[in-house]
Amino acid sequence: MSRVLIVGAGLTGSLCASLLRRELPNKVNIVVWDKSRGAGGRMSTSRSPNDPSCTVDLGAQYISATPYYARIHSSFYEELLAQDILKLLVAPVEGMMLKEEEIVNYVTPHGVSSIIKHYLRESAGAEVLYDRHVTHIHRKDTGWEVCRKGGMPERFDIVVLTMPVPQILQLQGDVESLMGENQRRMLEAVSYSSRYALGLFYKADTRIDVPWAAKYVSNNPCIRFIAIDDKKRNLASKKCGPSVVVHTSVPFGIQHLEEEKDVVQPIILEELEKVMPDLPQPDSIKCQKWRYSQVTRSVADCPGQMILHSQPLLVCGGDGFTHSNFDGCIESALKVFEVLKSSL
């Protein structure tokens, strides 16, 4: 059996693991590594340190399905809807611009990371490990030796890289020499927006009286989006306090990108007070810096994946190879899986 390492426990990586387990159950030993402390990547859900039942989505806020993707990815949507992982967004969102008619928006009642956790469960038997920060990849005989921070190197037959493209370019070892000049140019051309997200957690019985569940802000240099997260997910409960997520604008994110979070957080809170002067004091706050928030320019021609070496296989995927949303990640995972299937 081939030992396959998937680097990145976000949507593309977790779906790749699920597809491998479902389609090729007796051909692979699946290992998933992520440098964070939990699954999700940019589909991240955080818990209040004082009340684990109070959660907030710091990354993706809702999923928009165009008629085209609702049709070609119908099996994925139907599966998540059948298990109550996705539900229709029915709460009011002020300032939402519909780019296409008949777009359907979905929310995740249990937090957006519940999608990732579902696919990791579906990859039953996969070894999923966190705090695994890959630094070097070396060609070793018929496979790969993968090195990580603070741990021993491990040997794999196949490696799949699903982290943001700039992190692929930072890898050391044999990756640089294996990468063609044209491939490197294509990867270096990929760009991302950057932003901060603030999660505010409240005690039970706290009231946040606004007529919307989420709102796009157009007249503030710092804040672009605010959601009363439990209200957005249609989950308001007296037993659990509300939570609020604040996303900054991209220009603000770029301007403050290299600053420490504890320097940026008070600036965001000061601007938030201007937008929502009656917002109560939170019980706790989490500040998240998204250096790689959304793909603004993907790999040319959006191929879904890139093979850096065919035998042994080293392949890249993720929204940097398609487009930055739920369907882009599904598209990439399917393309990566086709490459894996043909090499196993």
Side-chain angles (χ1 to χ4, degrees), residues 5-14 16 32-44 58-60 116 130-138 144 146-149 159-197 247-261 264 287-309 314-326 328-329 331-333 335-336:
L5 173 65
I6 298 170
V7 183
L11 181 52
T12 306
S14 63
C16 278
V32 181
W33 283 2
D34 197 282
K35 71 187 184 87
S36 300
R37 287 179 296 173
R42 283 164 284 161
M43 298 183 87
S44 164
L58 290 178
I116 313 303
Y130 302 108
D131 292 314
R132 297 291 197 278
H133 187 168
V134 174
T135 57
H136 297 67
I137 299 177
H138 300 283
W144 302 102
V146 182
C147 306
R148 61 184 176 88
K149 277 185 184 176
V159 175
V160 180
L161 304 173
T162 71
M163 63 271 233
V165 169
Q167 294 177 355
I168 294 172
L169 288 166
Q170 289 163 16
L171 289 171
Q172 297 178 53
D174 293 333
V175 176
E176 190 171 1
S177 61
L178 292 171
M179 199 180 288
E181 195 175 316
N182 188 46
Q183 287 181 320
R184 176 168 286 279
R185 274 202 304 270
M186 290 169 79
L187 294 179
E188 286 174 344
V190 175
S191 61
Y192 292 76
S193 61
S194 303
R195 57 167 51 85
Y196 283 85
H247 277 190
T248 71
S249 67
V250 170
F252 179 90
I254 293 167
Q255 182 186 348
H256 297 276
L257 189 59
E258 303 308 330
E259 294 175 27
E260 294 298 321
K261 288 189 285 187
V264 179
C287 184
Q288 172 76 46
K289 181 192 292 188
W290 293 115
R291 184 177 291 274
Y292 308 115
S293 176
Q294 287 179 296
V295 177
T296 52
R297 185 170 59 244
S298 59
V299 168
D301 302 322
C302 298
Q305 51 77 21
M306 181 182 283
I307 298 170
L308 300 184
H309 198 269
L314 175 61
V315 60
C316 309
D319 59 354
F321 298 85
T322 50
H323 45 272
S324 199
N325 58 20
F326 177 74
C329 291
E331 206 168 292
S332 178
K335 293 284 179 66
V336 170

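The minimum heavy-atom distance between A39 and I116, with the atom names listed, is CB-CG2, 4.0 Å. Across C16 and V336, no two heavy atoms sit closer than the pair SG-CG1, 3.8 Å. A9 approaches V32 most closely through the heavy-atom pair CB-CG1, 3.9 Å. Here the closest heavy-atom approach between residue H256 and residue V264 is recorded as CB-CG2, 3.9 Å. Between F326 and M43, the shortest heavy-atom contact is CD1-CE, 4.4 Å. The heavy-atom pair separating G304 from S332 by the smallest distance is O-OG, 2.7 Å.
A donor-acceptor distance shorter than 3.5 angstrom exists from the side chain of S193 to the backbone of Q294, with no hydrogens or angles considered. Within the 3.5 Å criterion, the main-chain N or O of D131 finds no donor-acceptor partner in the side chain of K149. A donor-acceptor pair under 3.5 Å links the side-chain atoms of W290 to the main chain of L58, judged by distance alone. With hydrogens and angles disregarded, no donor-acceptor distance shorter than 3.5 Å links the side chain of E331 to the backbone of F321. In this structure a side-chain-to-backbone donor-acceptor pair under 3.5 Å is missing from R184 to N182. Looking only at distances, no side-chain donor or acceptor of S293 sits under 3.5 Å from a matching main-chain atom of S194. In terms of modelled atom types and a separation under 3.5 Å, the side chain of D34 and the main chain of S36 share a donor-acceptor contact. With hydrogens and angles disregarded, a donor-acceptor distance shorter than 3.5 Å links the side chain of R297 to the backbone of A189. Put simply, the side chain of T248 gets close to the backbone of Y196: a donor and an acceptor are under 3.5 Å apart.
Atom OG in S298 sits 9.5 Å away from atom CE in M186 (nearest 0.5 Å). Taking CG of L5 as the reference point, atom CD1 of I137 lies at 7.5 Å (rounded to 0.5 Å). With values rounded to the nearest 0.5 angstrom, M179 atom CE is found 8.5 Å from E188 atom CD. Atom CZ of F252 sits about 13.5 Å away from atom NE2 of H247, to the nearest 0.5 Å.
Using modelled atom types, one finds a donor on one side chain and an acceptor on the other under 3.5 Å when comparing T296 with S191.
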**OP:** Go through E258 and R291 one step at a time and tell me if the side-chain contact (heavy atoms from CB on, under 4.5 Å) criterion holds.
**Re:** CA-CA 9 Å; E258 303 308 330; R291 184 177 291 274; 2.9 Å; yes

Subject >> Derivation and outcome, side-chain contact (heavy atoms from CB on, under 4.5 Å), residues R42 and S324 >> reply: CA-CA 10 Å; R42 283 164 284 161; S324 199; 4.2 Å; yes

Original post:
Which is it for D319 and N325 under the side-chain contact (heavy atoms from CB on, under 4.5 Å) test, yes or no, and what are the steps along the way?
Top reply: CA-CA 7 Å; D319 59 354; N325 58 20; over 6 Å; no

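H136 and H138 have parallel rings, their planes meeting at less than 30° on a 0 to 90° scale where 60° marks the start of perpendicular.
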Please output the side-chain donor-acceptor pairs of residues 160-175 that fall under 3.5 Å, not counting sequence neighbours, one pair per line with the distance.
{"unit_1": "T162", "atom_1": "OG1", "unit_2": "V7", "atom_2": "O", "d": "2.8"}
{"unit_1": "T162", "atom_1": "OG1", "unit_2": "G8", "atom_2": "O", "d": "3.4"}
{"unit_1": "D174", "atom_1": "OD2", "unit_2": "R139", "atom_2": "N", "d": "2.6"}

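Under the 4.5 Å side-chain criterion, counting only non-hydrogen atoms from C-beta, V146 is in contact with W33.
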